[in-house]
Amino acid sequence: MLDFPPWKIWGIALTMLLAAIVAAPNFLSEQQAASLPSPIPSRQLNLGLDLRGGSHILLEADPADVRKMRLEVLEEVVRQGLRDASGGAIPYMDLSVANGAVSFTVRNAGDVDRAVETMRGLSQPVGQLSAQRDIEVNLADSTRVSVRPSAAGITQETDRAMAQAVEVIRRRIDELGTREPTIIRQGQTRIVVQVPGLQEPEQLKALLGKTAKLEFKLVDTEADPAEAAQGRAPAGSQVVPNADGGVLVVKRRALITGDQLVDSQPSFQEGMPVVSFRFDGVGGKRFAKATQENVGKPFAIILDNQVISAPRINEPILGGSGIISGNFTTESANQLAILLRSGKLPVELKVIEERTVGPDLGADSIRAGAIASVLATVLVALFMLVTYGRFGIYSVVALLLNGLLIFAVMTLIGATLTLPGIAGFVLTIGAAVDANVLINERIREELRRGKALVQSIELGYKEASRAIFDANVTNVIAAVMMFWFGSGPIKGFAVVLIIGIITSVFTAVTVTRLLVSLWLRRARPQQLVL
Amino acid sequence: MRLLKLVPDDTNIPFLKWRNVAIWFSIALIAASIALVAIRGLNFGVDFAGGLMIEARFDKPVELDDLRATVNEAGAGDGNLQTFGDPRTVAIRLPLPEGDDAAVQAVVKQVQGKIEASNPDVEFRRVETVSGKVSNELIRDGALAMLLAMIGISIYIWFRFEWQFGVGALFALVHDVALTMGFFALTQLEFDLNTVAALLTIIGYSLNDTVVVYDRIRENLRKYRKMDMAEILNLSINETLSRTIVTSLSMIIALGTLVLLGGSVLFGFSVAMLLGIVIGTFSSIFVSAPLLLWLGVTPDSFIASEASAEDRLKAKKATERGQV
């Protein structure tokens with residue numbers, strides 16, 4: 001038990017040396033660490049947002065929203081499918097969206113089979129291997145056909161929309177020039193955004209909360225204003241709120257949407273902030289055509305279902321670019337330009353959780369945590385020394401090496417240190433000595449029973465190891481549950497606990513045993529004060 | 001050099017003599033804790049209650065009543081104010097306004113503006129908003145994590161020892177968690193995600209003592225087959241007493257440092273763990289060991305299972321030989 005072959009001794013020494021090298025950059029400033037010559041690792045521990053300050057924002061898309069969007073697209077697809085059906089357009093009536101399906105009535109009973117076949121032909125396979133299709137076609141009664149997006153189809157659509165949303169959010173945040181944002185999809189319909197060190201989170205949230213759906217629509221000049229005030233609009237038109245609280249009636253069909261924008265910049269016109277935009281080739285042509293056909297008429301520029309402005313088309317706009325004026329400040333013009341050039345979100349996202357920590361609180365927390373860690377280590381070390389003497393020294397060495405190892409492992413695997421993580425570190429200091437206490441108490445017992453010194457030590461390590469193992473497994477079970485179910489900082493705490501439990505067993509059992517065996521070999525003691 | 005000995009050698013404290021008192025005391029405490037949680041309720045933080053929290057730090061201690069009046073002026077509902085770690089830091093909790101994120105932003109701006117108007121030196125250090133949906137999920141996940149951790153540990157103990165030990169461990173865990181929660185209901189300290197993390201840690205660490213005592217009981221059951229069960233339990237607790245005290249003390253030293261110096265955010269968390277460790281030490285001595293007596297552990301519980309294990313081993317070897 002106490003025999004250590006040389007390779008084992010060197011192995012342990014080498015492990016500790018490597019740990020020291022990996023952990024070392026954490027004790028330097030960021031600049032110092034970055035300027036280390038290349039073979040020396042310069043990686044530092046990631047600090048959680050609660051320590052460095054920053055914003056954590058959880059966004060969620062409404063699945064009903066995705067469904068609704070899907071139905072809108074499907075309605076158009078069905079319409080087009082009926083028009084382009086092989087064997088000639090199929091006459092239909094009452095095409096409508098209701099109860100999560102698009103349905104229509106076939107005018108001639110003889111066309112029903114053809115209509116169903118045509119609709120089935122519109123479906124796409126979901127995934128590459130499964131036989132599932134993205135829509136289900138059924139007959140509601142003898143002539144009414146219903147086309148319903150399948151559950152698998154909705155899931156696929158949601159996946160696509162969320163992946164796209166992550167990209168759009170990334171572009172928007174990159175525009176802010178913040179460094180190291182983390183944008184991760186979480187579950188089916190959620191996105192976590194973490195941006196460290198932001199002084200003004202409002203700006204960030206203003207960018208995240210907007211869908212940025214831009215539409216150009218003709219104003220319906222024939223609509224009755226009194227009816228519009230009641231929220232009613234003629235067929236083919238809709239009521240859209242104004243920025244100043246009023247409403248405007250516009251044609252339902254958009255002349256053009258922001259999807260074809262390639263660039264947008266804030267700028268000035270006659271001293272007022274405005275936003276300029278430019279369409280791509282196809283969009284530019286459509287825009288030119290639309291403006292040519294509607295010279296003299298007013299049209300509305302609508303963002304997220306709110307009218308920004310409704311200018312008159314004075315002349316055709318042929319160059320594919322234009323300017324949006326409205327009641328902008330320099331800041332809001334800049335914001336709109338960012339939103340327009342990073343693209344619209346495919347789904348509306350709501351903020352369902354937000355945590356913002358100021359940089360001062362983070363700095364205070366680090367300082368408090370560091371002081372508590374150091375003091376706890378010193379006090380526990382003193383306690384071990386007065387209780388166990390020489391073996392106490394070994395425990396303290398193990399304790400220090402344990403701290404080093406925790407730092408090294410966390411740095412190596414790129415774990416994030418959070419504030420509860422620091423607490424986990426302090427707790428590990430208190431708990432790590434437990435293994436040594438168990439061993440030392442057992443040695444004391446065996447000595448009292450009159451066993452010889454070396455035998456007592458061997459028995460101490462042997463008999464205590466069972467309880468050490470079981471006790472640590474129970475701790476790991478609890479910590480794994482914490483990691484599994486916990487969020488953010490709690491996960492960070494669990495990581496420190498798990499690492500600490502494993503490293504502490506190594507240092508408290510293996511390393512101290514090595515130290516004891518070296519001492520026995522060197523000093524050949526006849527007795528021990530314990 | 002003379003070393004510190006907190007527990008004299010060869011103690012023989014008759015812990016088991018007080019087992020009836022101790023167990024009823026424990027049951028009474030658990031019942032009281034459950035009642036406290038049910039009647040007074042836990043002071044859920046924004047994590048679990050949902051809503052809006054603003055942490056503000058002032059240059060001097062503030063009158064909470066004055067500040068509450070200021071906050072209520074903003075018209076965002078009734079503010080719940082609490083000092084947070086020190087008298088200069090205040091956590092302001094508000095209900096989440098109806099509507100989207102813009103509405104939340106408006107409320108935050110308004111409240112901050114009102115406070116700034118009367119306290120120009122205020123610093124807003126933290127803003128958290130948690131929607132009802134997320135808070136419900138956090139409650140569910142937290143409860144599930146605790147439940148699974150307790151069950152998982154008990155099953156592990158059952159496998160490593162005997163079923164009676166698993167039940168004893170489970171009871172000790174319920175005891176420790178219930179009492180700590182009762183303490184939070186009593187003091188109305190904020191109960192949030194960090195507290196749940198602390199409870200999970202307690203679940204892991206309070207069992208350390210229990211495991212150590214159980215390990216010794218198993219060892220002594222094998223060593224002294226003729227000894228009376230109560231005597232074995234008592235002997236085991238006494239033999240491990242020194243270790244229990246030294247380890248608990250070293251944990252108390254570390255956590256005590258954290259309570260005093262760990263800063264405002266970690267305060268509730270550290271208090272919960274400190275308390276949990278003390279309760280856990282008590283339960284491993286007075287609850288989980290005596291429980292074995294009532295559950296009918298005898299020296300035979302182990303010998304029987306070991307004998308059968310030996311039989312299996314012999315049988316296996318025999319078949320292996322047979323195959324060769």
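A, B, ... follow the sequence lines: proteins, then strands. Residue 1 opens every chain.
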Heavy-atom proximity to chain A below 4.5 Å, by part of [X]:
X	value
B/Glu55	side chain
B/Thr201	both
B/Tyr214	neither

Indicate yes or no: at least one non-hydrogen side-chain atom of [X] is less than 4.5 angstrom from one of [Y].
X	Y	answer
B/Ser242	A/Arg444	yes
A/Thr387	B/Leu3	no
A/Leu58	B/Val134	yes
A/Glu354	B/Glu128	no
A/Tyr388	B/Leu4	no
A/Trp484	B/Leu148	no

### Task
Could you tell me which residues satisfy ring pair (Phe, Tyr, Trp, His ring centres under 6.0 Å) with B/Tyr205, sequence neighbours excluded, listed by chain and number?
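Applying ring pair (Phe, Tyr, Trp, His ring centres under 6.0 Å) to B/Tyr205 gives none.
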What closest approach, in Å, do [X] and [Y] show between heavy atoms, and which atom pair accounts for it?
X	Y	answer
B/Ala149	A/Ala478	CB-CA, 4.1 Å
A/Phe493	B/Ala197	CE2-O, 3.8 Å
B/Ile153	A/Thr474	CD1-O, 3.5 Å
A/Gly430	B/Ser250	O-OG, 2.8 Å

### Message
I'd like to know whether A/Phe383 forms a side chain to side chain contact (heavy atoms under 4.5 Å, CB included) with B/Leu6, so could you lay out the CA-CA distance, the side-chain angles of the two residues, the decisive distance to 0.1 Å, and finally the verdict.
### Response
CA-CA 11 Å; A/Phe383 182 49; B/Leu6 294 169; 3.8 Å; yes
Measure the [atom1]-[atom2] distance between [X] and [Y] for me, rounded to the nearest 0.5 Å.
X	Y	atom1	atom2	value
A/Leu497	B/Leu200	CG	CG	9.5 Å
B/Thr129	A/Glu353	OG1	CD	7.5 Å
A/Leu438	B/Asp215	CG	CG	8.5 Å
B/Asn208	A/Asn472	CG	CG	6.5 Å
A/Phe425	B/Leu258	CZ	CG	12.0 Å
A/Phe485	B/Arg140	CZ	CZ	9.0 Å

Between [options], which residue shows the highest count of heavy-atom pairs closer than 4.5 Å to chain A?
options	result
B/Val212, B/Ile203, B/Val108	B/Val212
B/Asp9, B/Ile157, B/Thr244	B/Asp9
B/Glu239, B/Met53, B/Arg216, B/Lys5	B/Arg216
B/Ile253, B/Asp209, B/Ile202	B/Ile253
B/Val259, B/Leu260, B/Thr240, B/Asn194	B/Asn194
B/Arg125, B/Met251, B/Arg160, B/Arg126	B/Arg125

[X] portion near chain B, given a 4.5 angstrom heavy-atom threshold:
X	value
A/Ala479	neither
A/Asp470	both
A/Ile468	neither
A/Ile422	neither
A/Val380	both
A/Leu379	both

Thinking salt bridges, do [X] and [Y] make one under a 4.0 Å N-O criterion?
X	Y	answer
A/Arg190	B/Glu137	yes
B/Glu219	A/Arg442	yes
B/Arg57	A/Asp360	no
A/Asp434	B/Arg243	yes

Out of [options], return the one with the most heavy atom pairs under 4.5 angstrom to chain B.
options	value
A/Ile371, A/Val433, A/Asp364	A/Asp364
A/Asn475, A/Val351, A/Thr377	A/Asn475
A/Glu60, A/Arg355, A/Met482, A/Arg367	A/Arg355
A/Asn440, A/Ile429, A/Leu419	A/Leu419

#### Entry: Within 6.0 Å of CZ in A/Phe483, more than 12 heavy atoms from elsewhere
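No.
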### Query
How would you list all residue pairs meeting ring-ring contact (aromatic ring centres under 6.0 Å, His included) that involve residues 139-160 of chain B, not counting sequence neighbours?
none
### Task
Starting from the C-alpha separation in whole Å, work towards a yes-or-no answer on side chain to side chain contact (heavy atoms under 4.5 Å, CB included) for A/Glu441 and B/Val246.
CA-CA 9 Å; A/Glu441 289 294 331; B/Val246 172; 4.0 Å; yes
### Message
Could you check whether any side-chain N or O of B/Thr257 sits under 3.5 Å from a backbone N or O of A/Ala372, counting only pairs where one atom can act as donor and the other as acceptor?
### Response
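Checking the backbone N and O of A/Ala372 against the side chain of B/Thr257, no donor-acceptor pair under 3.5 Å is found.
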### Task
Check the pair A/Arg466, B/Arg218 against side chain to side chain contact (heavy atoms under 4.5 Å, CB included), reporting the backbone distance first and the verdict last.
CA-CA 11 Å; A/Arg466 248 189 353 259; B/Arg218 177 169 59 185; 3.8 Å; yes
